[in-house]
S.K.: 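This is the structure I want to talk about, given as structure tokens.
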Amino acid sequence: MFGLKFILQTYNMSNSDLANKLEINRANISMWIKNNDIPPVRVTELKKVFPNIPSELFSKDLKASEKILVQEIYFTETDEVEVVEYPAWDDEGYEYTKTQVVSQHEGVIGHLRGEYDRQILLESYESLIFDEGGDFQLNEKLLKRFLNILQDSRDSEQFLLLKMMFYFLQPYNKDFGFGSDPDLSPTVKNAKMYKEFGELLEKYGFINQF
């Protein structure tokens, strides 16, 4: 969906509402949305109405992650907070008053942030797998085999091997996305496999200082 159209829907704003804010004819807004094109000078003016929306989102077809970002910005801008006081007791049994800031949209914003992170991850994989024309950039047969392993049991030998390989391909100080660090409470069998596999990779120059 065209950015400006989605932004207006999210902010519960009509074309006429926006036209009044920009002091222009409503037909201009309709034309921008119909033609998927906004004059650069008008983008600058739109930023005054929607100051927290990134400029590039007004005049492009939005990806799923960008739609979520717009929604998060909206709920953050319109959020209302209040300070709630409630009684509490210290270790000696004396009562005192605690305060807590309660956000009206806290749950929605937290959900959107989680969805945004997941969508960014999916779009990153998609951009690696497919080119702009939708054709495979990577080996299709290899990708299907990889998918088969991921869909198998997490206790399968194939998945264990895959996890081990990804562990050694990742720099040690980065997050390991396929499971916990194999050095943390591995089984005797797994510990032996990781050690021997690491030594093999070091022997043939794939890794150093195992």
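Given the structure is predicted, the values throughout are model-derived calculations rather than measurements.
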S.K.: Between atom NZ of K34 and atom CD1 of I29, what is the distance when rounded to the nearest 0.5 Å?
M.R.: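 Interatomic distance, K34 NZ to I29 CD1, rounded to 0.5 Å: 15.5 Å.
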S.K.: Rounded to the nearest 0.5 Å, what's the gap from CD1 on I33 to CD1 on I38? Could you check?
M.R.: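 Between atom CD1 of I33 and atom CD1 of I38 there are 7.5 Å.
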S.K.: So how far is it from F2 CZ to S59 OG, rounded to the nearest 0.5 Å?
M.R.: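 Atom-to-atom, F2:CZ and S59:OG are 5.5 Å apart.
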S.K.: Would F50 and L8 count as a side chain to side chain contact (heavy atoms under 4.5 Å, CB included) here? Give the steps.
M.R.: CA-CA 10 Å; F50 307 101; L8 290 176; 4.1 Å; yes
S.K.: Would you mind writing out the side-chain donor-acceptor pairs for residues 62-69 within the sub-3.5 Å range, not counting sequence neighbours?
M.R.:
unit_1 : atom_1 : unit_2 : atom_2 : d
S65    : OG     : E123   : OE1    : 2.6
S65    : OG     : E123   : OE2    : 3.3
E66    : OE1    : K60    : NZ     : 3.2
E66    : OE1    : K63    : N      : 2.8
E66    : OE2    : K60    : NZ     : 2.7

S.K.: Do P87 and W89 have side chains that approach each other closer than 4.5 Å (heavy atoms only, starting at C-beta)?
M.R.: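 Yes; the side chains approach each other to less than 4.5 Å.
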S.K.: Sorted by first residue and then second, give each ring-ring contact (aromatic ring centres under 6.0 Å, His included) pair with at least one member in residues 52-77; sequence neighbours left out.
M.R.: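 Non-adjacent pairs meeting ring-ring contact (aromatic ring centres under 6.0 Å, His included): Y11-Y74, F75-H105.
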S.K.: Please examine the side chains of K144 and L147, heavy atoms only from C-beta on, and report whether any two atoms are closer than 4.5 Å.
M.R.: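 Result no, sub-4.5 Å side-chain heavy-atom pair not found.
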S.K.: Taking the side chain as every heavy atom from C-beta outward, state whether R42 and I24 have any pair of such atoms under 4.5 Å apart.
M.R.: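 Yes; the side chains approach each other to less than 4.5 Å.
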S.K.: Got a second to check how far K21's NZ is from L18's CG, nearest 0.5 Å?
M.R.: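 That separation rounds to 8.5 Å.
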S.K.: Is it the case that more than 12 heavy atoms not belonging to Y96 sit under 6.0 Å from its OH atom?
M.R.: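 Check passes, neighbour count above 12.
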S.K.: Do you know which two heavy atoms are closest between Q104 and D79, and how far apart they sit?
M.R.: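 It is N-OD1, 3.2 Å.
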S.K.: Measure the shortest side-chain to side-chain distance between M1 and D61 over non-hydrogen atoms and say whether it is less than 4.5 angstrom.
M.R.: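 No, their side chains stay 4.5 Å or more apart.
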S.K.: Calculate, to the nearest 0.5 Å, the distance between atoms OG1 and CG belonging to T76 and L112 respectively.
M.R.: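 So the OG1 of T76 and the CG of L112 are separated by 8.5 Å.
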S.K.: With hydrophobic residues grouped by side-chain heavy-atom distances under 4.5 Å, do L122 and F146 end up in a single group?
M.R.: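 Shared cluster, no.
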S.K.: List in chain and number order the residues that pass salt bridge (charged side-chain N to carboxylate O under 4.0 Å, His left out) with R113, two or more places apart in sequence or in another chain; answer none if no residue qualifies.
M.R.: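 Salt bridge (charged side-chain N to carboxylate O under 4.0 Å, His left out) check on R113 returns E72.
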S.K.: Take E202 and F197, measure what side chain to side chain contact (heavy atoms under 4.5 Å, CB included) needs, and give me the verdict at the end.
M.R.: CA-CA 9 Å; E202 183 180 26; F197 188 62; over 6 Å; no
S.K.: Between CZ of R145 and CG of L143, what distance do you get to the nearest 0.5 Å?
M.R.: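 Going from the CZ atom of R145 to the CG atom of L143 covers 11.5 Å.
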S.K.: Is there side-chain contact between P54 and I73, with heavy atoms separated by less than 4.5 Å?
M.R.: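 SC-SC contact between P54 and I73 confirmed.
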S.K.: Going by heavy atoms in the side chains, are I53 and L46 under 4.5 Å from each other?
M.R.: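 They are not in side-chain contact.
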S.K.: Kindly indicate, with the supporting measurements, whether the criterion side-chain hydrogen bond (donor to acceptor under 3.5 Å, both in side chains) is fulfilled by D17 and S14.
M.R.: CA-CA 5 Å; D17 294 333; S14 67; 3.0 Å; yes
